[in-house]
Amino acid sequence: MPDYDLTRLGTRAFEQLVVALARRDIGSGVQVFGDGRDGGREATFEGTINWSSTSAGGADRLDCWSGYTVLQAKFHVKPGQTPHDNALWLQAQIKNEIDGWIRAAQASTRSRLPDYLIFVTNVDLSAVAKVGGIDKVNQAVRKRLTEMETTRSGLRVKDFAIWHGDQIRSMLDANQEVRYAFPALLTAGDVLAKLAPDWVSLGTFDAQDPLREQLLHAIKDDRWIRLSQSGGPGEAKLWLDDIAIDLPATLGSPDGDLTVRAVQRVLELGDMVLRQRQPDRIKRSNVVLVGGPGQGKSTLSQLIAQAYRVALLTGASPGPSVQEVIDGTRSALARLGPSRPPRAGP
């Protein structure tokens with residue numbers, strides 16, 4: 001499941017996204033958001049929701065709702081650093097909404113009270129059983145809805161659902177045409193896929209293939225190391241793949257400094273960035289390589305760039321001179337630790 005950044009939408013666009021997904025999943029009868037007297041934002045649906053036939057329910061929900069359903073969007077501009085922080089924020093937001101419904105029921109300021117509630121948020125919640133954010137928020141909401149104050153007010157909600165960030169992403173995967181309508185949710189892969197029919201194979205020599213031509217020139221040019229870069233004499237040059245070594249580097253972390261191999265670590269991080277919503281995916285993909293003059297920063301960066309060029313040229317027919325560089329770079333990487341070139345993009 002791709003890691004669509006829902007925070008890029010903003011409050012209004014997120015509400016529009018919720019309506020679009022609800023209309024796809026629940027039915028075209030979903031009414032658009034409107035400003036309520038209490039400042040809340042809501043959409044409504046009158047009728048039956050068969051959860052087993054929706055991407056929001058599927059195998060997890062086999063029940064049906066029949067009655068008046070209200071959807072309320074809760075957008076967090078800057079979600080917390082941890083799922084626990086997000087759960088506390090969402091729990092407070094939902095409590096405020098329920099309290100508003102209780103007051104409306106007591107004062108009879110609403111023409112109709114909901115039979116069902118759906119709270120939709122962009123924040124991510126932990127799925128750990130019993131102690132995770134999803135279960136904790138569900139427990140808190142169910143407790144509030146069944147308290148004596150709530151039932152005495154006349155608010156009798158039969159059931160509720162919470163669509164959190166991961167569930168919204170899952171619904172987007174099932175309704176790609178909805179995602180395409182929101183530019184903030186488009187990915188680099190979407191752009192590349194759109195351009196794909198016009199691409200020329202990397203194995204050809206078509207002059208209209210600028211990416212391939214750039215790769216061929218760059219991989220040949222960067223095979224050389226100029227000793228003058230590290231204070232050496234004149235313009236003497238050596239082959240990078242012949243002399244490349246992976247230097248030790250100190251990696252700062254909250255648990256203390258770690259000693260790693262610079263090139264191997266960067267390539268590993270590059271692969272982890274591409275793992276999308278896998279548990280080991282890193283959220284911050286930037287790396288800053290710090291060192292004094294002549295300590296190898298440029299050479300290490302040159303080797304990392306060559307590694308990705310080799311990955312991009314995999315399966316191409318670049319010609320004997322470039323193939324020699326590719327083979328040399330592969331051998332250097334194998335010698336330094338990585339058993340294969342990285343994936344095709346960092």
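Values below: all heavy atoms of this structure, side chains included; hydrogens, waters and symmetry mates excluded.
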Inset, instruction - Quickly, which of Asp173, Asn122, Asp124, Leu21 forms a side chain to side chain contact (heavy atoms under 4.5 Å, CB included) with Ile168? Name it, please. - result: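 Single pass found, and it is Leu21.
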Legend entry - Other cluster members, Val288 - Ile/Leu/Val/Met/Phe/Trp/Tyr, side-chain contacts below 4.5 Å: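 Besides Val288, the cluster holds Val290.
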Legend entry - Ring geometry between His76 and Trp89 (parallel below 30°, tilted from 30 to 60°, perpendicular above 60°): parallel
Inset, instruction - List for me each residue that meets side chain to side chain contact (heavy atoms under 4.5 Å, CB included) alongside Leu247, sequence neighbours excluded, and say none if there are none. - result: Ile245, Leu300
Inset, instruction - Sequence neighbours left out, what passes side chain to side chain contact (heavy atoms under 4.5 Å, CB included) with Val266? Give chain and number order. - result: Val287, Ile304
Is the closest side-chain heavy-atom distance between [X] and [Y] below 4.5 Å?
X      : Y      : result
Thr44  : Leu71  : no
Thr259 : Pro248 : yes
Arg24  : Met171 : no
Leu240 : Thr329 : no

Inset, instruction - Using side-chain hydrogen bond (donor to acceptor under 3.5 Å, both in side chains) as the criterion, list what pairs up with Thr7, not counting sequence neighbours. - result: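 side-chain hydrogen bond (donor to acceptor under 3.5 Å, both in side chains) check on Thr7 returns Asp5.
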Inset, instruction - List in chain and number order the residues that pass side-chain hydrogen bond (donor to acceptor under 3.5 Å, both in side chains) with Gln106, two or more places apart in sequence or in another chain; answer none if no residue qualifies. - result: none
Inset, instruction - Sequence neighbours left out, what pairs pass side chain to side chain donor-acceptor pair (under 3.5 Å) with at least one residue falling in residues 112-121? - result: Glu46-Arg112
Say whether [X] and [Y] are linked into one hydrophobic cluster, either directly or through other cluster members, by side-chain heavy-atom distances under 4.5 angstrom.
X      : Y      : result
Val77  : Leu88  : no
Ile102 : Leu113 : yes
Phe14  : Tyr180 : no

Test your reading of the model: is there a side-chain donor-acceptor pair from [X] to the backbone of [Y], 3.5 Å cut-off?
X      : Y      : answer
Gln91  : Val137 : no
Asn86  : Gly80  : yes
Thr150 : Thr146 : no
Arg265 : Val260 : no
Gln72  : Glu97  : no
Lys297 : Gly292 : yes
Arg179 : Leu185 : yes

Inset, instruction - Answer yes or no: is there an ion pair linking Arg169 with Asp166, defined by an N-O contact shorter than 4.0 Å? - result: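 Salt bridge: yes.
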Inset, instruction - State, to 0.1 Å, how close Leu9 and Ala13 come at their nearest heavy-atom pair, and which atoms those are. - result: O-CB, 3.1 Å
Inset, instruction - Rounded to the nearest 0.5 Å, what's the gap from OG1 on Thr69 to CD on Gln31? Could you check? - result: 12.5 Å
Legend entry - Between Arg142 and Gln139, a side-chain donor and acceptor under 3.5 Å: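 Looking only at side-chain atoms, Gln139 and Arg142 do not form any donor-acceptor pair under 3.5 Å.
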Inset, instruction - Give the C-alpha distance, both sets of side-chain angles, the deciding distance and a yes or no for side chain to side chain donor-acceptor pair (under 3.5 Å) between Thr82 and Asp85. - result: CA-CA 5 Å; Thr82 67; Asp85 294 335; 3.1 Å; yes
